[in-house]
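Structure, as structure tokens:
All of these numbers come straight from a predicted model, not from anything done at the bench. These numbers come from the heavy atoms of this one structure, side chains and all, not from hydrogens, waters or symmetry mates.
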Amino acid sequence: MWKTIIFLTAFTIWGCASVQKELNRGNYSNAVNLALSKLKGKKKSEKDIIGLRDAYQYYIAEQLRKVEQLKLQSNKDSQILSIYEAADNINSSIKPLLPLQDQNGFVTDIPLIDVKAEVAKYKSRVADQLYFNAIGNLEKGGKMEARKAYDQFQQMINLTGATSHLQSLRDEAKKKGTTYILALGEIDSKISVSKAVKERFMSLSSSTLSKNWQRVDITADKRTPYDYELIFVLEDFVLSPEKESSREYIDKKEIEESAGTSSRDNEKIKRKIEVSAQVVELYQFKEAQVKGKVILYDVVKKKNIYSEPVTAAQVFENYASTFKGDKRALSDVSLKRIGGKPIAFPSNDKILGDAVATLKKNMEQEALKAYSNL
């Protein structure tokens, strides 16, 4: 079939100019799609019909050349299949329009090259090669090889459709390629925290920690052979006392204001003056600092392979300011703080619990560095 000689007609002078431009550039696929878009409406012109006919001939001839060149090389079945599938899609777009007829009765047909048999043939060959490679990878026993096998079985399913056999093999590859991690929370015995703070630290999330190839459990499953243990350790914390201080200061600013108008030319007169405002500021402060570490323990080698310190802080700050004088004198900072009111300090449990929650988020980010490539 592919030995058939394709006669390439010279593009008609009155053909579509934009299609001609794509042909001149060698963009034959673009030329076909452009010509098709012009023929989707009810009104079809002769030049658009001829444009599609000629564009298709150039396009299909180019695909023939590519296929013949690839057949001379090894391991090119996947690329050949892609070419056949693209050609088949083009045929499917053109076929419903045939025969093409314009509003003046001009009729032409386009001899389409049927590639469905070639699509089926190369789809089978690609699927066979994928299966052979996937089974080989799966039998090697390594996690990285199992992940390659998973991708290859998934490609087969996308190519030929899902069967119970393929799905079973894909699931087996997923299981063998997954790294299993048990996440644990620990609080150093030297520190004492409330039940509420302990619960906030110890409440880990499997969905947050698990990734495509790393399954992290927060409760041990006896049926799962864990590769690693991920340990979050809360080592220490510092709570600052509640601090409340006040201060008075004066804001000054030089501004321009109106001083009337000139009697001679009626122009506005401006003068510079200095304005001031006395500010009374109340400042409240309390802080919780926490530190811990993330440990990744290799269950098989029975040793830590990763240990990194992590810190976090939770700060309570509040300004309550009043002023007397000219508001125009206030600085931007003072303006932001005017009108605030003193508020109750957070309890130790509240501010420490918030600091621990931030620490845990930081630990989760650190943990991803530890096992993302495992």
Does the [X] side chain pair with the main chain of [Y], one donor and one acceptor, at a distance under 3.5 Å?
X: T224; Y: A220; value: no
X: S203; Y: R200; value: yes
X: S206; Y: V216; value: yes
X: D227; Y: I181; value: no
X: D109; Y: L98; value: no
X: E186; Y: I231; value: no

**OP:** For the pair K291 and E235, evaluate salt bridge (charged side-chain N to carboxylate O under 4.0 Å, His left out) and give the outcome as yes or no after the intermediate values.
**Re:** CA-CA 6 Å; K291 69 175 184 178; E235 294 183 300; 5.6 Å; no
Original post:
Checking salt bridge (charged side-chain N to carboxylate O under 4.0 Å, His left out) for the pair K336/D332: CA distance, chi angles, key distance, verdict?
Top reply: CA-CA 6 Å; K336 289 179 181 178; D332 291 341; over 6 Å; no
Does a side-chain heavy-atom distance below 4.5 Å link [X] with [Y]?
X: T108; Y: I50; answer: no
X: N91; Y: Y56; answer: yes
X: K95; Y: I110; answer: no
X: V310; Y: F232; answer: no

Donor-acceptor contacts under 3.5 Å from residues 152-160 side chains, at least two apart:
{"from": "Q152", "atom 1": "OE1", "to": "A134", "atom 2": "N", "distance (Å)": "3.3"}
{"from": "Q152", "atom 1": "OE1", "to": "N137", "atom 2": "ND2", "distance (Å)": "3.0"}
{"from": "Q154", "atom 1": "OE1", "to": "R170", "atom 2": "NH1", "distance (Å)": "2.9"}
{"from": "Q154", "atom 1": "NE2", "to": "N158", "atom 2": "OD1", "distance (Å)": "3.2"}
{"from": "N158", "atom 1": "ND2", "to": "Q154", "atom 2": "O", "distance (Å)": "3.3"}
{"from": "T160", "atom 1": "OG1", "to": "M156", "atom 2": "O", "distance (Å)": "2.9"}

**OP:** List for me each residue that meets ring pair (Phe, Tyr, Trp, His ring centres under 6.0 Å) alongside F316, sequence neighbours excluded, and say none if there are none.
**Re:** F345
Original post:
Does Y371 have any ring pair (Phe, Tyr, Trp, His ring centres under 6.0 Å) partners at least two apart in sequence or in another chain, and if so, which?
Top reply: none
**OP:** Not counting sequence neighbours, which residues clear side chain to side chain donor-acceptor pair (under 3.5 Å) with E281? List them please.
**Re:** R247, R337
Subject >> Partners passing side chain to side chain donor-acceptor pair (under 3.5 Å) against E248 (at least two apart in sequence or in another chain) >> reply: Q278
Subject >> Verdict with reasoning, K369 to E366, per salt bridge (charged side-chain N to carboxylate O under 4.0 Å, His left out) >> reply: CA-CA 5 Å; K369 298 178 186 177; E366 191 63 42; 3.7 Å; yes
Original post:
Of all heavy-atom pairs between A329 and A277, which one has the smallest distance, and what is that distance?
Top reply: CB-N, 3.8 Å
Original post:
What's the shortest heavy-atom distance between I49 and D102, and which atoms?
Top reply: CD1-N, 3.5 Å
Original post:
Stepwise, does the salt bridge (charged side-chain N to carboxylate O under 4.0 Å, His left out) test hold for D114 with K116?
Top reply: CA-CA 6 Å; D114 187 1; K116 290 190 180 297; 5.7 Å; no
**OP:** Verify the neighbour count for atom OH of Y249: are there more than 12 heavy atoms of other residues, nucleotides or ligands below 6.0 Å?
**Re:** yes
Subject >> Residues clustered with Y150, ILVMFWY side-chain links under 4.5 angstrom >> reply: W213
